[in-house]
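Data first, discussion second: the structure below is written as structure tokens.
Because the structure is predicted, anything quoted here is derived from the model rather than measured. Whatever order the structure lists ligands and atoms in, that order sets their numbers, starting from 1. Note that these values count all heavy atoms, side chains included, but never hydrogens, waters or copies made by symmetry. Residues: numbered from 1 along the sequence shown.
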Amino acid sequence: MLARAAGLDETQAEKVLFATAMHDVGKIGIRDGILLKPGKLAPEEFEAMKAHTTIGADIIGDHPSELLTLARQIAIGHHERWDGSGYPNGEKGEDIPIESRIAAICDVFDALLSERPYKKAWPVDEAVDLIRESAGRHFDPRLVELFLELVPEILALHEQYPDEEDFADLG
Ligand SMILES: [Fe+2]
């Protein structure tokens with residue numbers, strides 16, 4: 001939805017949909033003790049966690065396939081931030097490919113609405129507020145504007161795909 005709203009054509013928007021599904025594949029390479037930790041990560045644990053972006057890119061590899069090329073780009077780019085404070089490369093603004101900027105917003109919003117070992121699911125209003133407040137710092141401000149217009153449709157979609165299990169079952 002956000003890719004379409006940002007002006008990507010239908011084919012590219014569909015590629016974003018499928019490529020984004022692979023954004024965290026690199027977490028395979030992160031210890032469960034870090035992934036499932038019920039509290040805040042220690043600085044060295046957070047450093048280790050950051051590697052899921054580059055590990056993901058390595059797992060996906062270099063392919064002629066446009067979908068896998070995009071998946072690799074999103075795996076490495078979804079934690080970059082508009083103001084340059086993200087990781088792994090500290091890229092800034094439009095140097096971050098638009099597909100990765102789109103994935104960044106959707107990933108954070110989905111994470112906020114989901115229960116995690118270290119947090120409860122946030123109420124929708126608070127999650128929307130955080131996205132709004134992060135415009136121009138974490139997120140591309142133009143994409144945030146489009147996202148905010150889409151919130152009712154996004155929430156309807158979110159309700160269609162509820163989280164099936166909590167993390168306790170995966171431990
Ligand atoms: Fe991630």
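Between the side chain of Glu80 and the backbone N or O of Gly90, at least one donor-acceptor pair lies under 3.5 Å. Here the side chain of Asn89 pairs no donor or acceptor atom with the backbone of Glu91 at under 3.5 angstrom.
The heavy-atom pair separating Ile30 from Ala48 by the smallest distance is CD1-O, 3.3 Å.
Residue pairs satisfying the side-chain hydrogen bond (donor to acceptor under 3.5 Å, both in side chains) criterion with at least one member in residues 17-29, sequence neighbours excluded, are listed as follows: His23-Asp107, Asp24-Lys27, Asp24-His52, Asp24-His78. For residues 104-142, the set of pairs meeting the ring-ring contact (aromatic ring centres under 6.0 Å, His included) definition, not counting sequence neighbours, comprises Phe109-Phe147. Residue pairs that meet the side-chain hydrogen bond (donor to acceptor under 3.5 Å, both in side chains) test with at least one member in residues 40-50, sequence neighbours left out, are Lys37-Glu45, Glu47-Lys50.
Legend: protein N/O/S atoms lying under 2.8 Å from the Fe ion (ligand 1), waters omitted, number 4.
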